[in-house]
Colleague: 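Sharing a structure, written as structure tokens. Questions coming.
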Protein chains: 2
Amino acid sequence: MIVQLERDSATRALAQAVSVLERKSTREILEHVLLEARPGGVEIKATDLKISLTQTLPGETSSPGAVAVPGRKLYEIFRELPPAPVRLELEENRWLHITAARSSFHVPTERADEFPEFPAAPEEYRPFPAASFTRMLEKTLFSASNDETRPTLCGVYLHAHEDPSTGTETLRMVSTDGHRLTIMEQPTPGVLDMFRDGIILPKKGLASLKALVDDSGEGFEIAQSGGRIFCKLANAEMCLTPIDGAFPRYQDVIPSDPRNRVILAKEPFADALRRVALMTDPDTHSVIFEAAENRVVLRSMNAHAGDSREELEARLEGEPQKIAFNASYFIEALRHLDGDEVKVEIDQPLAPCLVRSDEDPGYLCVVMPIRID
Amino acid sequence: MIVQLERDSATRALAQAVSVLERKSTREILEHVLLEARPGGVEIKATDLKISLTQTLPGETSSPGAVAVPGRKLYEIFRELPPAPVRLELEENRWLHITAARSSFHVPTERADEFPEFPAAPEEYRPFPAASFTRMLEKTLFSASNDETRPTLCGVYLHAHEDPSTGTETLRMVSTDGHRLTIMEQPTPGVLDMFRDGIILPKKGLASLKALVDDSGEGFEIAQSGGRIFCKLANAEMCLTPIDGAFPRYQDVIPSDPRNRVILAKEPFADALRRVALMTDPDTHSVIFEAAENRVVLRSMNAHAGDSREELEARLEGEPQKIAFNASYFIEALRHLDGDEVKVEIDQPLAPCLVRSDEDPGYLCVVMPIRID
């Protein structure tokens, strides 16, 4: 195998490939990327068995061939190479020789046939608008869990949702770590039927896909086949295996029409939360939120460090409220919410509390309250 | 005690104060800063017993007094306060009440008389030019050791040095961690006699002093008294207790007139070092440097990850050389060296290797070589 690549595009592709790899895999081959040199270019493949990514790069192939190369090391090398064409040659002893200008590297390789097979891509794809996809993920990915003992929470749940009052259908992305939940929905005609049964896609794979979409600046095409989701971009194809299991019946816990609503300016609210967060109890991070006629008072207390109190102008629709919640969940919700004004909706003190904005239609954050002793 | 402060200047002063505190002290009072409110302003004091810092801030004192407050927490609070005057009031129960606009905090305090006494400042100071001080520290601080089992290496050695050939005297700052060494000297008339015996000042204190000097943008005054160094800025005074013990006799190990010299372009050399560093043995980080007539070859090898080779144009004055060294020490030396061209001077393969530039007079980096097996 002998091929010559352009440094910058290859470095970007390797960065994407590495984002798919396991950091420390039990199977060494899964820390490798597969390079397949063909006339006119090279394919770079990476997989953790649940997510597989194929990227196509233009290149001058003088001798076709395929080889598996340690992914992270290859990326580190490309990142530091001088600005010059990069030549890759698989030598007799099966080491890969990498040269650029007067720089030269040898890295050990594994045989291409050790590399896992990728699922066959389907024939038919349907377009998914990039802006809509990126926006939905930005608003939901952060609240998915990292707790691998609860696998169904370690992803984003995508499902077609029909509004019972209007009958209009939207695509919903939902994620929760058990303490807070986010829902983003957008009309996404053309792909809804793929998500009619609901599907949980892994957080890591979606983050990689989002980076690819952001990087290309273009939309992508999507298909479902053999229980997997396939995404096709101009120079990349990704296959995501959904997470097995049922996503929690989240709709059951969200009050459909909360009785009380507090309206606040978002930025001052976020600033005040950051301050009271400084004095919370280190175990609960609990902040008390008290809403009266025309103001909100936030309070926190820590037996050792002291206490804090913030007062904010607010508009109350309903009864005065007193609830407690984890400050950081609220701060993160506000960070992802667009608009100058935010609505905090409370049905009753121990019911999930809704956070949304008229300026951010289709988006809802839900924060579980903490019991006040 | 009741005093009102301007938020931004107080936050900056607290950041400086916190840089002096121990991260985790065995004496709780050393995690505190002392606030002393007097007519017209407040003094903020911080110490780790070896470094003490007093900063003066203007403020409106309605009731004088003094109190010790947890330093890091106070800084965190100030950093998040809204842009408004900040009022501090020591309440009856000895909690400090901090208010700004509609934000309010209480923090526990310790009595001012628990706070360590500061050494009495001398009467007479002499000016030290800021630019010279900052430049000297930038070039030496990084190579001081962090290994607390070798205390004399955890500081910068300042001493007056007389050039034996010209008889001119300069101030030298020297630091070493046992593997590399840096020397920066500048004519600093007026303060040389203070450093005639040589003195080791602690790395942390010098870093704090440098931040104060950089922040003020002005020079400072210096004095020596009772074995300590005192520095006076417009709004701050710092006292540094030297580190006890003898600094290594570094001059003995530096070849005074190395027999061989290799001249290279600095940036390509640094880039190449970063690349070969990727493939070094993880234990030694060893890179082989081979200088011939008109080129330098760098090589590294790692039994698992592979190998690398770089070739650079160079000018050799003397005999061809082959030495090995830790890549990261060389990379750091080049990062601190000014100029486009660098001279690597080698007396013999196991003698310390000198790195300097004609464009950076007064500065010398020394890297200890590694034995080649």
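Residue numbers begin at 1 in each chain, while the letters A, B, ... track the order of the sequences.
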Colleague: Please verify the inter-ring angle class for B:Phe269 with B:Phe330; under 30° counts as parallel, over 60° as perpendicular, anything in between as tilted.
Modeller: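 It falls in the perpendicular class, over 60°.
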Colleague: Tell me yes or no: between the side chains of B:Glu91 and B:His97, is some donor less than 3.5 Å from an acceptor?
Modeller: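 Side chains of B:Glu91 and B:His97: pair found under 3.5 Å.
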Colleague: Counting heavy-atom pairs under 4.5 Å with chain B, which one of A:Pro70, A:Ser300, A:Pro82 comes out on top?
Modeller: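 It is A:Pro82.
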Colleague: Hey, are A:Glu341 and A:Lys266 close enough for a salt bridge, meaning a charged N less than 4.0 Å from a carboxylate O?
Modeller: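 Looking at A:Lys266 together with A:Glu341, the answer is no, because their closest N to O distance does not fall below 4.0 Å.
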Colleague: Give me the atom names and distance for the closest heavy-atom approach of B:Ala37 to B:Thr61.
Modeller: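 Minimum heavy-atom contact is CB-CG2, 3.9 Å.
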Colleague: I need the residue from A:Glu76, A:His304, A:Arg309 with the largest number of non-hydrogen atom pairs under 4.5 Å to chain B.
Modeller: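 Of the candidates given, the most pairs with chain B belong to A:Arg309.
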Colleague: Between A:Ala272 and chain B, with a heavy-atom cut-off of 4.5 Å, which part of the residue counts as in contact: side chain, backbone, both or neither?
Modeller: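 Contact with chain B involves no heavy atom of A:Ala272 at all.
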Colleague: Would you please indicate if the ring centroids of B:His32 and B:Phe115 are separated by under 6.0 Å?
Modeller: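 No - the distance between ring centres of B:His32 and B:Phe115 does not fall below the 6.0 Å cut-off.
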Colleague: Most heavy-atom pairs under 4.5 angstrom with chain A, which of B:Leu278, B:Leu312, B:Val107?
Modeller: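 Ranked by contacts with chain A, first place is B:Leu278.
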Colleague: Which atoms of B:Pro268 are under 4.5 Å from chain A, going by heavy atoms: the side chain, the backbone, both sets, or neither?
Modeller: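 Neither the backbone nor the side chain of B:Pro268 comes within 4.5 Å of chain A.
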Colleague: Checking B:Leu96 against chain A: side chain, backbone, both or neither under 4.5 Å from a heavy atom?
Modeller: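 Neither the backbone nor the side chain of B:Leu96 comes within 4.5 Å of chain A.
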Colleague: Under a 4.5 Å heavy-atom cut-off, does chain A meet the side chain of B:Pro108, its backbone, both or neither?
Modeller: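 Both the backbone and the side chain of B:Pro108 come within 4.5 Å of chain A.
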Colleague: In terms of heavy-atom pairs under 4.5 Å with chain A, which of B:Met279, B:Arg275, B:Glu310 leads?
Modeller: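 Option with the top pair count is B:Arg275.
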Colleague: Report the C-alpha separation of A:His106 and B:Asp307 in whole Å, then their side-chain angles, then the decisive distance to 0.1 Å, and conclude whether the side chain to side chain donor-acceptor pair (under 3.5 Å) test is met.
Modeller: CA-CA 5 Å; A:His106 287 97; B:Asp307 60 52; 2.8 Å; yes
